[in-house]
Amino acid sequence: MYRATVFLRHLEPRTGRTTAEVVKFALWPIAIMTVLHRVLIKAVNGFRTDDFAPVYRAALAFLNHRPVYTANFNWVDPHYLYPPSGTLLIAPIALIDPERSRWLFILVNAAAVIIAGYLMLKMFNLALDSIAAPILLFAMFASETVTNTLVFTNINGLVLLGEVAFMYLLLRKKDAWSGVALGLTFAVKPVLWPLLLLPLVSKQWKVFVTALGIPLILTAIAWPLSADPMDFVRRTAPYLAESRDYFNSAIVGNGAYYGLPDLLVLGLRALFGVMVLVSLWLLYRYYRDDQLFFVTTASGVLLTASFLLGSLGQMYYSMMMFPLLMSVVLRNSVMRNWPAWLAVYGFMSYDSWLSVRWPAAGRAAEYMKTTLGWSLLLIVIFAVLLGRYLIAKRENRLDGGIDPAFLIEERTKVAVG
């Protein structure tokens, strides 16, 4: 009876809880149950497509020294597209049967997303007992990008971990290890290649040694072990350079799907390209010394631009923008406005807009929401940075940076105090 009384007393504290504490108590069980649901139910059930099957078949073929690059690119089924270095790294998944291997791959990717979230908290000096922790965990696993990464069973969770580890180590001047994290992702899926601009502008040259050296070394090891390595060069690499009109949220993909004129597609890409260049110049000119803001914001611009303006952009690539979204906790974040989060809804929400009542409009909303979300995000970042620059120029304070005046005043008071 005494133990029951003590336990029940914890449910109703003697003093009122703070708002933050109440939110944490509410969100932790919701976040944890969302993780378990995504991993144990949705991911294990699978849905619509299976990115894991061709990877498993390729790994099995590699271990048995059979041809790997045999995909028929006339079909729309998932193809195996990893280079020989990636095949070498993923080969161990074929050491066990396909079902258990898939389950293990799901768990590894889920763990990678959780670890990446923990590193992001540390990057922004937030503790596990802060209100940000359950919010971040829930937001990640409720998103389309994490949900479909687990459901389709692809490697994006590990790529996210590589990205966040790269940033975390880069900010702490662990240059060689930062390059290791990035290089391992390059060896499998070089979707993060735009991030090499970050160590370039900060002159952290050791990053390049390991970031480029690791995939080269793994390729040198994998090449003689592969039965058909040149087929990756002859068949797969040209396919990767093409744009397709299905499952492609890039401007060229939607342009091809809707039959837009080539000149219009080119004009849109050029327009957004100019906005990206201006945003990057403003970030470099005025924020490169504010390293956490610069790294997280510039990385978001670079990756969003590569998805939107490149030959292939898929919705679940948006996972790589989590560091940018997390930057909302910074006082000078470009994400502290509602249009930015309307954009985030477009490329992160798991909502489907397919409609039985309005099929044409629903299909257009479903197919375009990612493209529009990425586009709006680039517009918002460009507008925020350009607006700050124009205001600072008008007020003759460009030498002190382009942050809002109230932030500069706050820093001055803190420095004086």
Side-chain angles (χ1 to χ4, degrees), residues 43-44 46 48-112 149-163 165 179-193 209-242 244 247 311-312 314 316-317:
V44 172
R48 189 179 297 159
T49 191
D50 182 2
D51 290 345
F52 181 75
V55 173
Y56 185 89
R57 289 194 297 267
L60 188 63
F62 178 82
L63 291 178
N64 289 280
H65 203 66
R66 297 198 304 264
V68 169
Y69 301 104
T70 58
N72 184 344
F73 295 129
N74 293 318
W75 297 349
V76 299
D77 294 333
H79 306 302
Y80 182 73
L81 303 174
Y82 298 164
S85 55
T87 308
L88 177 68
L89 287 179
I90 59 93
I93 68 172
L95 294 175
I96 57 177
D97 64 272
E99 185 175 32
R100 284 186 296 173
S101 180
R102 180 175 176 270
W103 292 353
L104 180 61
F105 204 65
I106 290 168
L107 289 174
V108 168
N109 273 276
T149 284
L150 299 176
V151 171
F152 300 160
T153 318
N154 59 52
I155 204 168
N156 287 341
L158 289 166
V159 176
L160 172 68
L161 177 57
E163 175 195 9
V180 169
L182 202 58
L184 288 172
T185 71
F186 287 168
V188 181
K189 193 173 185 177
V191 68
L192 300 178
W193 68 265
V209 176
T210 46
L212 301 179
I214 284 179
L216 289 175
I217 291 170
L218 290 173
T219 298
I221 295 171
W223 203 269
L225 299 176
S226 302
D228 59 341
M230 281 304 298
D231 279 347
F232 175 79
V233 178
R234 286 192 293 256
R235 299 184 69 250
T236 306
Y239 174 77
L240 288 171
E242 297 175 0
R244 65 195 196 199
F247 301 135
S311 61
L312 176 64
Q314 294 183 290
Y316 54 44
Y317 289 178

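Keep in mind that what you see is a predicted model, and the values were worked out from it rather than measured.
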Check the pair F232 / T219 against side chain to side chain contact (heavy atoms under 4.5 Å, CB included), numbers first and verdict last. CA-CA 12 Å; F232 175 79; T219 298; over 6 Å; no

Between R102 and V44, is there a donor-acceptor pair closer than 3.5 Å when you use the side chain of the first and the backbone of the second? yes

Determine the minimum heavy-atom distance between T49 and P78, stating which atoms define it. OG1-CG, 3.0 Å

Taking ring-ring contact (aromatic ring centres under 6.0 Å, His included) as the definition, give me every residue that meets it alongside Y82, ordered by chain and number, with sequence neighbours left out. Y80

Counting only heavy atoms not in W193, do more than 12 fall under 6.0 Å of its CH2? no

I need the minimum non-hydrogen distance between F62 and A222, along with the two atoms involved. CE1-O, 4.2 Å

Can any side-chain N or O of R235 pair as donor or acceptor with the backbone N or O of Y69 at less than 3.5 Å? yes

When you compare the side chain of I93 with that of F52, does any pair of heavy atoms fall below 4.5 Å? yes

Closest contact, heavy atoms only, L218 versus A187: CD1-CB, 3.7 Å

So, using salt bridge (Lys or Arg N to Asp or Glu O under 4.0 Å) as the criterion, who are the partners of D231 when residues are at least two apart? R234

Going from OH on Y317 to OG1 on T149, what distance comes out if it is rounded to the nearest 0.5 angstrom? 10.0 Å

Fit a plane to each ring of Y239 and H79, take the angle between them on a 0 to 90° scale, and name the class: parallel (under 30°), tilted (30 to 60°) or perpendicular (over 60°). perpendicular

Answer yes or no: is there a donor N or O on one side and an acceptor on the other, between the side chain of N109 and the main chain of G157, under 3.5 Å? yes

In this structure, CD1 of I221 is separated from CG of L216 (nearest 0.5 Å) by 11.5 Å

Hey, what do you get for CG (L184) to CG (L192), rounding to the nearest 0.5 Å? 11.5 Å

side-chain contact (heavy atoms from CB on, under 4.5 Å) with L107: which residues, sequence neighbours excluded? V39

P215 to S85 - nearest heavy-atom pair and separation: O-CB, 4.0 Å

Using modelled atom types only, decide if a donor and an acceptor are shared between the side chain of N154 and the backbone of N156 within a distance under 3.5 Å. yes

In Å, rounded to the nearest 0.5 Å, how long is the span from NZ of K189 to CG of L81? 9.0 Å

Side-chain contact, heavy-atom cut-off 4.5 Å: L95 with L63? yes

Separation between OH of Y56 and CD1 of I90, rounded to the nearest 0.5 Å: 11.0 Å

Mind listing the closest non-hydrogen atom pair of A211 and F186 along with its distance? O-CD1, 3.4 Å

To check you understand the geometry: which heavy-atom pair defines the closest contact between P67 and A61, and what is its length? O-CB, 3.6 Å

Between atom CZ of R66 and atom CG of D228, what is the distance when rounded to the nearest 0.5 Å? 11.5 Å

